[in-house]
J.: 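Mind looking over this structure? Questions follow.
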Amino acid sequence: MLLTITTTHHPATDLGFLLMKNPANVQTVDLNIGRATLFYPEASAERCTAAMTLEVDPIELVRGKGAVEEQYVNDRPYAASSLLSVALGRLLNTAMSGRSRDRQALADTAIPLEASITPLPARGGSDIVERLFAPLGYKVHAEPIALDPTHPDWGESPYVSLTIKGEVRLAALLTHLFVLIPVLDNQKHYYIGEAEVEKLLRKGEGWLETHPDRELIVRRYLRFGSLMQRARAALEDRVDAEPAEEHAAQDAEEQTIEKPIRLNDQRMERVTSLLRELGAKTVLDLGCGEGRLIRELLKVPGLNRIVGVEVAPRVLAAADDKLRLENMPDMKRQRVELLQGSLVYRDSRLQGFDAAAVIEVIEHMDAERLPAFEAALFGFAKPGAVIVTTPNREFNALFETLPADRFRHHDHRFEWTRAEFRHWAESVAQAHGYTVRFEGIGIEDTTHGHPTQVVVFTRVQDVQVAA
């Protein structure tokens with residue numbers, strides 16, 4: 001079985017630093033069932049590939065096993081499985097942890113990566129590969145492998161050659177492969193006990209709790225009811241881990257810095273005004289928090305449907321309380337709906353809206369999750385217009401209470417300059433068929449710009465219809 005990882009990040013040979021494996025050397029590790037080898041078939045500044053092969057000793061694999069069928073009829077020596085995950089853990093454990101002795105800043109950065117595995121079992125059909133990897137932001141190509149190329153009428157085997165591509169941290173890519181390869185195979189080669197629950201929770205931290213096929217992953221990875229129940233409970237706790245009080249405290253941190261210029265109020269006012277100008281009748285508030293924008297939108301005549309989406313159930317409960325939905329008149333209450341959901345996964349409930357507002361949200365996402373967010377919102381939900389606001393990092397120098405080189409909020413993963421924001425927005429618009437226009441919120445400084453930057457995306461076909 002063969003796994004390759006390729007990057008075109010410049011210089012691409014930095015991959016060796018991230019993997020902690022010198023491209024000039026061949027690395028091997030002996031396992032109790034065979035040998036794993038890592039080498040670099042190409043290593044230039046433009047493109048670098050690390051390849052890992054796993055040679056399984058079939059005799060060692062079945063030593064001590066009683067089942068005759070398992071000893072003589074299995075694909076373990078030939079196809080990717082939990083054996084490959086074990087080899088990944090042994091050869092690339094440091095890289096998988098996200099640590100880099102010489103390039104830590106790069107290890108924390110999303111870079112273009114491509115991984116290929118062949119042959120890979122896809123128990124349940126090749127569609128399951130897309131279901132598992134696409135929500136994590138990857139472009140997925142799974143080429144079915146024929147049972148026998150000389151007899152096409154025999155059909156396809158349960159194996160595929162898989163290639164996934166994305167801008168992602170190397171540690172995240174390795175972790176996703178580590179967990180999902182055994183899930184696709186649906187049969188581990190070793191005893192599954194309590195330790196597997198902890199392993200799944202550790203490797204799945206930050207992505208598994210909100211994966212749309214979380215239940216499938218847990219079921220296939222653990223297999224036994226008691227273990228699955230433990231994992232489900234722990235993952236549910238993670239989803240609920242950000243209580244409303246903490247969410248409010250985080251909001252207060254940013255508002256304390258921006259309070260002297262009433263920036264949060266100005267954002268709500270301007271976004272509401274933009275939605276009026278767009279003539280939207282149905283609006284999504286993505287990352288709605290405790291419902292500040294929804295309160296403003298309820299004042300807009302002719303706005304028939306307002307849907308707030310938030311990942312944390314406790315925050316949604318706080319929004320329900322603050323909006324006092326139970327006490328609203330029926331006509332007004334029917335206009336509002338609160339949904340629990342992730343912004344990085346495709347959700348058919350979010351399709352068909354005139355506009356979506358994404359207010360001070362994207363900067364809270366890890367950079368590697370942005371492609372999944374873009375695909376889910378602009379590529380799948382496809383609202384007629386999208387309004388995105390985010391801090392302007394250049395303006396931070398004017399906040400007297402904000403230390404140099406600090407973000408406005410401790411949970412911000414990034415804050416963009418105006419040029420960086422423009423580049424992102426124009427790339428998204430070009431990829432998904434939108435036009436863009438930019439503006440700012442707050443008093444403009446001649447050198448540093450506005451404190452908040454805004455982009456309004458409009459679907460191209462909607463512009464053409466209006467014309």
Side-chain angles (χ1 to χ4, degrees), residues 135 137 266-289 291-294 296-297 300 302-311 337-339 341-365 367 369-392 413-416 418 420-441 450 452-467:
Q266 292 183 62
R267 277 195 291 263
M268 298 301 133
E269 292 168 5
R270 183 55 186 148
V271 171
T272 300
S273 177
L274 285 169
L275 291 168
R276 283 177 179 265
E277 293 171 17
L278 291 166
K281 304 295 184 185
T282 57
V283 173
L284 288 169
D285 181 8
L286 301 178
C288 65
R292 291 186 181 89
L293 179 62
I294 294 174
E296 296 301 316
L297 295 179
V300 178
L303 218 172
N304 302 325
R305 190 179 181 207
I306 308 163
V307 174
V309 181
E310 181 61 56
V311 70
E337 185 177 4
L338 299 178
L339 299 177
S342 171
L343 305 190
V344 297
Y345 301 138
R346 297 179 178 183
D347 189 336
S348 59
R349 298 174 300 173
L350 310 185
Q351 291 182 309
F353 283 78
D354 295 336
V358 190
I359 311 306
E360 307 297 288
V361 169
I362 60 172
E363 62 273 11
H364 292 270
M365 296 182 183
R369 309 301 292 278
L370 280 175
F373 162 73
E374 296 157 14
L377 177 58
F378 296 94
F380 183 75
K382 297 181 180 179
V386 180
I387 301 168
V388 178
T389 79
T390 194
N392 169 20
R413 303 303 197 261
F414 58 83
E415 288 179 3
W416 279 330
R418 286 169 289 176
E420 289 169 335
F421 183 55
R422 180 176 289 271
H423 173 74
W424 172 79
E426 290 175 344
S427 299
V428 170
Q430 183 175 7
H432 296 285
Y434 284 77
T435 61
V436 290
R437 65 182 176 91
F438 299 91
E439 60 175 72
I441 294 174
H450 295 87
T452 292
Q453 43 192 341
V454 185
V455 61
V456 181
F457 297 87
T458 306
R459 284 184 66 193
V460 172
Q461 66 181 60
D462 295 332
V463 171
Q464 292 173 342
V465 170

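Since the structure is predicted, the reported quantities are computational estimates derived from the model, not experimental observations.
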J.: Keeping Gln453 on the side-chain end and Phe421 on the backbone end, is there a donor-acceptor pair under 3.5 Å?
T.: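 Not confirmed, Gln453 side chain does not pair with Phe421 backbone.
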
J.: Which pair of non-hydrogen atoms, one from Leu377 and one from Ala356, has the smallest distance, and what is that distance?
T.: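 In this case the closest contact between Leu377 and Ala356 is CD1-CB, 4.3 Å.
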
J.: Measuring only between side-chain heavy atoms, which start at C-beta, is Leu286 closer than 4.5 Å to Leu350?
T.: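 Heavy-atom side-chain distance check passes, below 4.5 Å.
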
J.: Answer yes or no: is there a side-chain heavy-atom contact under 4.5 Å between Val358 and Phe373?
T.: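 In short, these two side chains touch, coming nearer than 4.5 Å.
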
J.: Please name the pair of heavy atoms, one in Ala375 and one in His432, separated by the smallest distance, quoted to 0.1 Å.
T.: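 It is CA-CE1, 4.3 Å.
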
J.: Quick one: are Ile294 and Leu338 in side-chain contact, heavy atoms under 4.5 Å?
T.: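 Answer yes - side chains close enough.
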
J.: Please report the shortest heavy-atom distance between Val436 and Glu426, naming the atom on each side.
T.: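 Smallest heavy-atom distance, with atoms named: CG2-CG, 4.2 Å.
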
J.: Residues in ring pair (Phe, Tyr, Trp, His ring centres under 6.0 Å) with Phe438, at least two apart?
T.: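 Here no residue qualifies.
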
J.: Does Glu439 have any salt bridge (charged side-chain N to carboxylate O under 4.0 Å, His left out) partners at least two apart in sequence or in another chain, and if so, which?
T.: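 Applying salt bridge (charged side-chain N to carboxylate O under 4.0 Å, His left out) to Glu439 gives Arg270, Arg437.
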
J.: Once rounded to the nearest 0.5 Å, what's the spacing between atom CG of Leu343 and atom CZ of Arg369?
T.: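 Taking CG in Leu343 and CZ in Arg369, the distance rounds to 10.0 Å.
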
J.: Between Thr452 and Arg267, do the side chains contain a donor N or O and an acceptor N or O under 3.5 Å apart?
T.: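 Yes, because at least one side-chain N or O of Arg267 sits under 3.5 Å from a partner of the opposite role on Thr452.
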
J.: Is there side-chain contact between Leu274 and Val456, with heavy atoms separated by less than 4.5 Å?
T.: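 Side chain of Leu274 against side chain of Val456, heavy atoms only: contact under 4.5 Å found.
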
J.: Which class fits the ring pair Phe457 and Tyr434: parallel under 30°, tilted 30 to 60°, perpendicular over 60°?
T.: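 Judged by the thresholds at 30° and 60°, the geometry between Phe457 and Tyr434 is perpendicular.
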
J.: With sequence neighbours left out, write down each residue that passes side chain to side chain donor-acceptor pair (under 3.5 Å) with Gln430, or none if nothing qualifies.
T.: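 Gln430 satisfies side chain to side chain donor-acceptor pair (under 3.5 Å) with no residue once adjacent residues are dropped.
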
J.: Could you tell me which non-hydrogen atom of His450 sits nearest to which non-hydrogen atom of Ile441, and how far apart they are?
T.: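 Scanning both residues, the minimum pair turns out to be CB-O, 3.6 Å.
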
J.: Mind checking what makes salt bridge (charged side-chain N to carboxylate O under 4.0 Å, His left out) contact with Glu296, not counting sequence neighbours?
T.: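 Expected list: Lys299.
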
J.: Is the shortest side-chain heavy-atom distance between Leu275 and Val300 below 4.5 Å?
T.: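 Sidechains of Val300 and Leu275: no contact.
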
J.: Output the distance between atom CD (Glu360) and atom OG1 (Thr390), rounded to the nearest 0.5 Å.
T.: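 Taking CD in Glu360 and OG1 in Thr390, the distance rounds to 5.5 Å.
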
J.: List for me each residue that meets side-chain contact (heavy atoms from CB on, under 4.5 Å) alongside Val307, sequence neighbours excluded, and say none if there are none.
T.: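 For Val307, the residues satisfying side-chain contact (heavy atoms from CB on, under 4.5 Å) (neighbours in sequence not counted) are Leu284, Arg305, Val309, Glu337, Leu339, Phe353.
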
J.: Output the distance between atom CE (Met268) and atom CG (Leu297), rounded to the nearest 0.5 Å.
T.: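 Nearest 0.5 Å value for the CE-CG distance: 9.5 Å.
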
J.: Measure from the side-chain N and O atoms of Glu415 to the backbone N and O of Asn392, and report whether any donor-acceptor pair falls under 3.5 Å.
T.: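 Answer holds: no.
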
J.: Any side-chain heavy atom of Val386 within less than 4.5 Å of one from Val428?
T.: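 No, their side chains stay 4.5 Å or more apart.
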
J.: As a quick check of understanding, evaluate salt bridge (Lys or Arg N to Asp or Glu O under 4.0 Å) for Glu363 and Arg413, giving each step before the final call.
T.: CA-CA 6 Å; Glu363 62 273 11; Arg413 303 303 197 261; over 6 Å; no

J.: Taking the side chain from Asp354 and the backbone from Gly384, do they hold a donor-acceptor pair closer than 3.5 Å?
T.: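 Judged by distance alone, no pair lies under 3.5 Å.
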
J.: For Val455 and Ala425, work out which heavy atoms get closest and say how close.
T.: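 The answer is CG2-CB, 3.9 Å.
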
J.: Quick one: salt bridge (charged side-chain N to carboxylate O under 4.0 Å, His left out) partners of Arg276, sequence neighbours excluded?
T.: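 Arg276 satisfies salt bridge (charged side-chain N to carboxylate O under 4.0 Å, His left out) with no residue once adjacent residues are dropped.
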
J.: Rounded to the nearest 0.5 Å, how far does CD1 of Ile362 lie from CZ of Phe414?
T.: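 It is 4.5 Å, given to the nearest 0.5 Å.
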
J.: How many angstroms lie between CG in Asp285 and CD1 in Ile306, if you round to the nearest 0.5 Å?
T.: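 Rounded to the nearest 0.5 Å, the CG-CD1 separation comes out at 9.0 Å.
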
J.: Rounded to the nearest 0.5 Å, what separation is found between the CG atom of Leu370 and the OG atom of Ser427?
T.: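 So the CG of Leu370 and the OG of Ser427 are separated by 11.5 Å.
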
J.: What are the two closest heavy atoms between Pro371 and Gly137, and how far apart are they?
T.: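 Pro371 and Gly137 have their closest heavy atoms at CB-O, 4.1 Å.
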
